[in-house]
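So the structure is just underneath, and the comments pick up after that.
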Amino acid sequence: MKEININGAVMKCYPLCAAQKLHYYTIRYSPVQVLCIGTGLYVKQDVDFELLKKAIYKTYEKFDSMRLRFVQDEDGKVYQYIVPSEERDIEFFDFSHWNEADANEEMKRWTSVPFERFNSPMNKVVMIKMPEGYNGIYLKVDHMTMDSSAIVGFDRAVLETYSIMKYGADIKQSPVRPFIPQLEKDLAYEAGSPAQKKDEEYWMNNIERSEPMYTDFSGQGRLITQRRENNNPNQRWAMVVSKDPTAAISVYRLEKEASMRLMEFCEMNNVSMASLLLMGMRTVLSKFNDNEKDVSVKTCVARRGTLSEKYSGGTRVHFFPLRTIIEPTLTFLEGIRIIQAEQNKIFRHANYDPIEYTMKRGRYWKYDPGTSYESITLTYQPLTINKNTPEMPDIPYKSCWYSNGVASQPLYLTVMHRPEDNGLNFNFEYRADAVTESEMEYFYYYLCRVLFRGIEDKNRSVGDILEII
């Protein structure tokens, strides 16, 4: 902790933790990147916007991570501090007479505008009237201050607070924990703690085991081309960064009944949805790359295990490669078990700095910056806002995620549950120079084929699935 004089007030300032550095380095070394996350939460009901504004201010009081600011000291090092209160006006915008698609495009445009980096608010809330009687809030946050779990927590708190004020409902509100004590725990871990050293040993052993193999979501073409360009027929990695990060999001809706079948399979076989999805993805990658057995996918780790981690807001997401070598003679369920075991290992060591891991792996296997063994990243987001409580009115609502227009990765899949029916939405964020829409649709089509051929017979071999899809 360091005390810094900011506009005449001495503030307690803290270094960035590893999860924040992950995003800061993105914009530091790629200035065209935007760290904003844009979301919308809308209920199909008339809303008292003055009351909603009060509910938002009250929620700002609870979530100190929503009051984060960043500052540079005299040496250029970045710190963070929390302001005592938010006194900014909450804006209002009326889209009720717009076409909904045009309204969403406008909010995408808002999301593409980055925040001033230092001594400035890192979020913006706008009260919104949408077409067809939906009303609510648009929220834009900087990813260095909030991740998707934190955003859902903030939205839930606003909804609960408004319902209490509007309806007098006796609601047990979701807990909120302070951000700074959890940040201090993270910084203590990163300062050479025994736990950090133990995790570093695990990740170094992981690196040194053997070199992974790059498998692309569009087939072997990218790797073959780069091998030829680099005159390296044994190259096992591929360049995945680009000078043009222009990106968009496409959403594919899996029907409710089909989504329920996937969830029932997970429950009956005691496996996680993330493991099932990863098994589907790695099987498609194998299929597209000449039935390659050695497949790596980058996976998101929320790091929300303790109550303090779960409810303190902020950004906690780390990304690590999940590598599996699965023989075609193994069954679909055995493959999922292997993935789940690997996931559990990652979870136990997920506090380690993912940037440090990536740098160590690159130095060990001597590949160029901007290259990788993973072509696609998965986030499974199980969190939704539970409206079906006895105390709260059962009102239709919907949530939206808006692209900020750029992406550092070629293809990023986020799987989320729809609020209206709990079905699964597959949200593909793709970089336009790396992925065509037809390639993305092709990948999604094969992903569904693998998943449903697998769950209809969990003892079907991986080799059989590769043949019949």
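In this chain, residues are counted from 1 in sequence order.
Residues Arg261 and Phe452 have side chains in contact (heavy-atom distance under 4.5 Å, counting atoms from C-beta outward). Side-chain atoms of Phe443 and Val435, non-hydrogen and from C-beta on, never get closer than 4.5 Å to each other. With contacts defined as side-chain heavy-atom distances shorter than 4.5 Å, the pair Lys129/Phe92 qualifies. In this structure the side chain of Arg117 reaches within 4.5 angstrom of the side chain of Met144, judged on heavy atoms. Side-chain contact between Cys300 and Phe320 is absent, with no heavy-atom pair separated by less than 4.5 Å. Inter-residue side-chain proximity for Pro410 and Asp216 is flagged as unmet; no heavy-atom pair is nearer than 4.5 Å. When side chains are defined from C-beta on, Lys2 counts as touching Asp73, because their heavy atoms get closer than 4.5 Å. With contacts defined as side-chain heavy-atom distances shorter than 4.5 Å, the pair Thr111/Ile37 does not qualify.
Using a cut-off of 4.0 Å between Lys/Arg side-chain N and Asp/Glu carboxylate O, Asp142 and Arg69 are scored as not salt-bridged. Of the charged side-chain nitrogens involved, none lies within less than 4.0 Å of a carboxylate oxygen, so that Arg449 and Glu456 do not count as a salt-bridged pair. The pair Arg109-Glu106 counts as a salt bridge, with a side-chain nitrogen and a carboxylate oxygen less than 4.0 angstrom apart. Contact check on Arg67 versus Asp64 returns no salt bridge, with no Lys/Arg side-chain nitrogen under 4.0 Å from an Asp/Glu carboxylate oxygen.
Exactly one of Asn119, Ile4, Ile180 qualifies for a side chain to side chain contact (heavy atoms under 4.5 Å, CB included) with Tyr81. That residue is Asn119. With respect to Gln80, the side chain to side chain contact (heavy atoms under 4.5 Å, CB included) criterion is satisfied by exactly one of Thr145, Leu183, Val71: Leu183.
A donor-acceptor contact shorter than 3.5 Å is absent between the side chain of Tyr412 and the backbone of Ala407. Under a 3.5 Å cut-off, the side chain of Glu309 and the backbone N or O of Thr306 do form a donor-acceptor pair. In this structure, the side chain of Tyr134 does not engage the main chain of Ser96 through any donor-acceptor pair within 3.5 Å. At distances below 3.5 Å, at least one donor-acceptor pair connects side-chain atoms of Asn123 with backbone N or O atoms of Met66. Listed for the Glu356 side chain is no donor-acceptor partner under 3.5 Å among the backbone atoms of Asp353. Here the side chain of His318 pairs no donor or acceptor atom with the backbone of Val301 at under 3.5 angstrom. Counting only distance, with no hydrogens or angles, the side chain of Asn404 and the backbone of Cys36 share a donor-acceptor pair below 3.5 Å. Put simply, the side chain of Tyr57 gets close to the backbone of Arg88: a donor and an acceptor are under 3.5 Å apart. For the pair Ser259 (side chain) and Leu424 (backbone), a donor-acceptor distance under 3.5 Å is present. Without hydrogens or angle criteria, Arg316 side chain to Ala302 main chain gives no donor-acceptor distance under 3.5 Å.
Of the N and O atoms on the side chains of Arg177 and Ser308, not one donor lies less than 3.5 Å from an acceptor on the other residue. Looking only at atom types and distance, the side chain of Asp244 has a donor-acceptor partner in the side chain of Thr246 under 3.5 Å away. Side chains of Thr379 and Gln381: no donor on one and acceptor on the other come within 3.5 Å. Residues Thr161 and Gln173 bring a donor and an acceptor atom of their side chains to less than 3.5 Å of each other. Side-chain atoms of Ser275 and Ser272 include a donor-acceptor pair closer than 3.5 Å. No side-chain donor from either of Glu429 and Thr414 sits under 3.5 Å from a side-chain acceptor of the other. In this structure, a donor-acceptor pair under 3.5 Å is absent between the side chains of Ser312 and Gln182.
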* Are Tyr402 and Asn104 close enough, and set up right, to give a side chain to side chain donor-acceptor pair (under 3.5 Å), and what steps lead you there? -> CA-CA 8 Å; Tyr402 302 107; Asn104 288 331; 3.2 Å; yes
* Pair Ser174-Glu160, side chain to side chain donor-acceptor pair (under 3.5 Å): steps then yes or no -> CA-CA 8 Å; Ser174 303; Glu160 290 172 345; 3.0 Å; yes
* Can Leu276 and Asn269 be said to form a side-chain contact (heavy atoms from CB on, under 4.5 Å), step by step? -> CA-CA 11 Å; Leu276 175 60; Asn269 293 281; over 6 Å; no
* To do: Show your reasoning for whether side-chain contact (heavy atoms from CB on, under 4.5 Å) applies to Thr59 and Val176.
  => CA-CA 10 Å; Thr59 309; Val176 179; over 6 Å; no
* To do: List the steps and the verdict of side-chain contact (heavy atoms from CB on, under 4.5 Å) for Tyr42 and Cys400.
  => CA-CA 9 Å; Tyr42 313 112; Cys400 301; 4.1 Å; yes
* Starting from the C-alpha separation in whole Å, work towards a yes-or-no answer on salt bridge (charged side-chain N to carboxylate O under 4.0 Å, His left out) for Lys124 and Glu116. => CA-CA 12 Å; Lys124 181 176 181 178; Glu116 179 67 35; over 6 Å; no
* To do: Start with the C-alpha distance between Trp401 and Asn427, add both sets of side-chain angles, then the distance that settles side-chain contact (heavy atoms from CB on, under 4.5 Å), and finish with yes or no.
  => CA-CA 9 Å; Trp401 293 73; Asn427 303 267; 5.6 Å; no
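Within the cation-pi definition used here (under 6.0 Å to the ring centroid, within 45° of the axis), Lys62 does not qualify as a partner of Phe154.
Crowding of Lys53 atom NZ: a count of heavy atoms from other residues, nucleotides or ligands under 6.0 Å exceeding 12. Within a 6.0 Å sphere centred on NZ of Lys398, heavy atoms belonging to other residues, nucleotides or ligands number more than 12. More than 12 heavy atoms of other residues, nucleotides or ligands shown are found within 6.0 angstrom of CE on Met1. Counting heavy atoms of neighbouring residues, nucleotides and ligands inside a 6.0 Å radius, atom CG of Asn99 exceeds 12 of them. Counting non-hydrogen atoms of other residues, nucleotides and ligands closer than 6.0 Å to NZ of Lys12 gives a total of 12 or fewer.
Relative ring orientation between His143 and His23 is described as parallel, the plane-to-plane angle staying below 30° on a 0-90° scale split at 30° and 60°. Between Trp110 and Phe95, the ring-plane angle classifies as tilted under the 30° and 60° cut-offs. Using cut-offs of 30° and 60° for the angle between ring planes, the Tyr442 and Tyr446 rings count as perpendicular.
When ring centroids are compared, Phe118 and Phe70 stay outside the 6.0 Å threshold.
Summarising the geometry of Leu378 relative to Ala274, their closest heavy-atom pair is CD2-O, 4.1 Å, with the distance given to 0.1 Å.
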